[in-house]
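For reference, the structure is listed below as structure tokens.
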Amino acid sequence: MNPLLDFSGLPRFDAVTPEHVAPAIRELIAENRALVEKLAAPESQPSWHAFMQPITDAGERLGRAWGIVSHLHSVMDVPAWRDAYNAMLPEITGYYAELGQNEAIYAKVKQLRASAEYATLTPTRQRIVDNDLRDFRLSGAELSEDKKPRYKAMQEEMSAIAAKFSENLLDATNAHVERITDEAQLAGIPEDVKAAARKDDAWELTLRAPCYIPVMQYAENRELRARMYRAFATRASEFGQPEWDNGPLITRLLHLRAEEAALLGYAHYAEVSLVPKMAESTAQVAGFLRELAAKAKPFAERDVAELREFARTELGMDRLESWDLAWASEKLKQARYAFSDEEVKQYFPEHKVMAGLFKVIGTLFSVNIEPDSAPTWHPDVRFYRIVTKVSRGDTPAGTLVGRFYVDLYARETKRGGAWMADAIGRRQTPAGIQTPVAYLNCNFPAPVNGKAATFSHDDVLTLFHETGHGLHHLLTQVDRPGGLRHRRRRMGRGGTAQPVHGELLLGMGRARWHDRACQDRRAAAARPLRQNDRGEEFPERHADAAPDRVRAVRPAAAQRIRPRRHAHRAGIDPGRARGSGGCLPARVEPLPAELRPHLRRRLRGGLLQLQMGGSPFRRRLCRFRGSGQDLRQYPRRRNRRALLARNSGRRRFAAGDGIVQGLPRPRAGSGCLVAA
């Protein structure tokens, strides 16, 4: 049996080969087309069970099979898988374009929406019907017959462009290698990076993130940094090999998007993009970006001026080039705050990071994450299951909630960035609930010479962030997939989420009242910082108040990290003080207490970027993160029961309330869950 057609369990990565792709996908497309033709017949009644359920089930099978193919194309982009993926991409894109333009199916969905049955559907099913109608309109279902073929051809071309763009970028990234034979040219580069780059009697530096980022941050060789920067900045451009030039692809894609928007009756593609999104208009998005730029620019200019002055007076550099910024910033950070990202990595070995991540998830959602076994696409990939921690109603403890793959390390055949993608969605089947399965992919440094991999704090933040996306998929209680949503706009990357990170907000070092260094600086603030619907802080809009508040938040955490000053007082050699840039002791000491609140806040923030609006769920998470108004009013009161007694109007959350339960009291524990 073709393993891509086996939907009885987990994907069979140990059995599937590129030769299985075309037969399986073509068979599923043929089955779906036959079903669509049957359901489009005039005698077919557009009820949920007779119409929506069958086509949803068929679409789920095709989506699962193609999801395996597109995932392997992303993480194992060898010629055979690339050819198999690209060979079927036009056919599957064409099928979804046909489905989106099928007037008979569209009419039946509208008929179901207008029927009396619609009012009896659950809110989830009603939302599926409404979204399907929206997606039909965006797919050109209302276009005239003479325009539909052109629209379909455009979708196929845009999917091919998206796939080719990613492949060109991967090929150009892998093509550049700096081969160094003189170790003196590697001065400043961390030892673990050098060990990973060692090839026989030389060192090969690549443009992949685990190598490129530390080279730009620590390499003393300015010419080496310049070569690496130019190669990285000009990947897949007109400055490289013509066959990898993405410039014409970008131009063509812009023309196609403009044409698509015009066909659908929109002024430009930005309006099309916003239809299924939360933003209300392009003017709202542009206004937000302009406001953000206006508030951020003065501080960015101040930082650049400060860095240039430091480079001139301390580093002897009259002019800072682009390839000097990361290196000079690291020097400034070490000189001013006695803090180095490379030294912080000592506190984030892989096993402790994963244990800390699972502990946070277990605390928030009352679940346990346990190792599991399954066929994988690479020996480094691991598999886990999520089970309930306590009994709830008829659900006993240990009930399976979801499962996920973790692929952490960078490889030549793996596209860059970090992303989460769904393998299997939660849905109701005749046999019961189908538990969801997810892929969690990153590009972190792998273990070297038998030593455990260590991650930078930004790596850990990325892991927490992507896991937050995964929790959306794995912990959902919605038992229905997304109906007829045909993934037309995601075909180019196979339905995988793009690597998006909240660094702008998370990187500002949210100041809290228990950070003594920031209390005095924020004492003059008349009101606390406002929060958006994710519980993330941002400055007041009033021009007279915003600058002080931004300034108060931004540098607070960094000001606490001054171990060199304390080392002088204690008579310790500053060169060996923690964070001073000197040698670490043989045994890594506990993480400095000054650093724990900052790291803990950023990690929790990365995990908890969940869109919960103003629900009690979100308010509960805010109290877990220490952002409630009650905690600002009573900063020294740590007893949760006494605190809630002073706020008698606030709802009390009983244990077992929904899937989230058993949260600790605000700011419970002084140790970092990951790096303690």
Between [X] and [Y], is any pair of side-chain heavy atoms under 4.5 Å apart?
{"X": "Pro190", "Y": "Tyr218", "answer": "yes"}
{"X": "Thr234", "Y": "Ser237", "answer": "yes"}
{"X": "Glu243", "Y": "Asp171", "answer": "no"}
{"X": "Phe348", "Y": "Thr454", "answer": "no"}
{"X": "Thr181", "Y": "Asp201", "answer": "no"}
{"X": "Lys164", "Y": "Leu249", "answer": "yes"}
{"X": "Phe404", "Y": "Thr467", "answer": "no"}
{"X": "Met228", "Y": "Glu178", "answer": "yes"}

Subject >> Verdict with supporting geometry, Thr251 and Leu254, side-chain contact (heavy atoms from CB on, under 4.5 Å) >> reply: CA-CA 5 Å; Thr251 302; Leu254 291 175; 5.8 Å; no

Which atom of [X] lies closest to which atom of [Y], heavy atoms considered:
{"X": "Leu224", "Y": "Gln185", "value": "CD2-O, 3.8 Å"}
{"X": "Val193", "Y": "Pro210", "value": "CG2-O, 4.2 Å"}
{"X": "Trp203", "Y": "Lys194", "value": "CD1-O, 3.3 Å"}
{"X": "Ile180", "Y": "Arg227", "value": "CD1-NH2, 4.2 Å"}
{"X": "Pro447", "Y": "Glu350", "value": "CG-OE1, 4.5 Å"}
{"X": "Tyr384", "Y": "Ile369", "value": "CB-CG2, 3.9 Å"}

**OP:** Go through the steps to decide whether Asn441 and Val75 satisfy the test side-chain contact (heavy atoms from CB on, under 4.5 Å), and finish with yes or no.
**Re:** CA-CA 8 Å; Asn441 305 279; Val75 299; 3.7 Å; yes

Can you tell me how far the [atom1] atom of [X] sits from the [atom2] atom of [Y], to the nearest 0.5 Å?
{"X": "Arg308", "Y": "Leu315", "atom1": "CZ", "atom2": "CG", "value": "14.5 Å"}
{"X": "Leu307", "Y": "Ser329", "atom1": "CG", "atom2": "OG", "value": "4.5 Å"}
{"X": "Thr413", "Y": "Asn174", "atom1": "OG1", "atom2": "CG", "value": "8.5 Å"}
{"X": "Arg382", "Y": "Leu440", "atom1": "CZ", "atom2": "CG", "value": "10.5 Å"}
{"X": "Glu466", "Y": "Trp419", "atom1": "CD", "atom2": "CH2", "value": "9.5 Å"}
{"X": "Lys333", "Y": "Ser340", "atom1": "NZ", "atom2": "OG", "value": "7.0 Å"}

Original post:
If you draw a 6.0 Å radius around NZ in Lys451, do more than 12 non-hydrogen atoms from other residues or ligands fall strictly inside?
Top reply: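 Open.
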
Original post:
Should Glu342 and Gln217 be marked as a side-chain contact (heavy atoms from CB on, under 4.5 Å) after you check the CA-CA gap, both sets of side-chain angles, and the distance that decides it?
Top reply: CA-CA 10 Å; Glu342 186 62 25; Gln217 195 170 3; over 6 Å; no

If the condition is ring-ring contact (aromatic ring centres under 6.0 Å, His included), which residues does [X] pass it with, not counting sequence neighbours?
{"X": "Tyr439", "answer": "His71, Trp377, Tyr405"}
{"X": "Phe444", "answer": "Phe455"}
{"X": "Tyr212", "answer": "Phe232"}
{"X": "Phe310", "answer": "none"}

Taking the basic N atoms (NZ, or NE/NH1/NH2) and the acidic carboxylate oxygens, is any pair closer than 4.0 Å for [X] and [Y]?
{"X": "Arg411", "Y": "Asp380", "value": "no"}
{"X": "Asp459", "Y": "Lys345", "value": "no"}
{"X": "Asp318", "Y": "Arg312", "value": "no"}
{"X": "Arg319", "Y": "Glu321", "value": "yes"}
{"X": "Glu167", "Y": "Arg415", "value": "no"}

Original post:
Step by step, would you call Asp200 with Arg179 a salt bridge (Lys or Arg N to Asp or Glu O under 4.0 Å)?
Top reply: CA-CA 11 Å; Asp200 299 327; Arg179 184 174 176 82; 5.7 Å; no

**OP:** Given side-chain contact (heavy atoms from CB on, under 4.5 Å), test Leu325 with Met216 step by step and report yes or no.
**Re:** CA-CA 9 Å; Leu325 294 178; Met216 299 304 299; over 6 Å; no

**OP:** Please answer whether the main-chain N or O of Lys414 pairs with a side-chain N or O of Asp77 as donor and acceptor at a distance below 3.5 Å.
**Re:**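 Looks like no, no N/O pair under 3.5 Å.
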
Original post:
Any cation-pi pair here, Arg225 with Trp327, using under 6.0 Å and within 45°?
Top reply: yes

**OP:** Classify the side-chain pair Thr363/Lys359 by whether it contains a donor and acceptor separated by less than 3.5 Å.
**Re:**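 Not at all, the side chains of Thr363 and Lys359 share no donor-acceptor pair under 3.5 Å.
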
Subject >> salt bridge (Lys or Arg N to Asp or Glu O under 4.0 Å) contacts in which one or both residues fall within residues 212-221, not counting sequence neighbours >> reply: Glu220-Lys331

**OP:** Quick one: which residue pairs count as a salt bridge (Lys or Arg N to Asp or Glu O under 4.0 Å) with a foot in residues 230-242, not counting sequence neighbours?
**Re:**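 Every pair satisfying salt bridge (Lys or Arg N to Asp or Glu O under 4.0 Å) with a residue in residues 230-242: there are none.
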
Original post:
For the residue pair His469 and His465, does the interplanar ring angle fall in the parallel (under 30°), tilted (30 to 60°) or perpendicular (over 60°) class?
Top reply: perpendicular

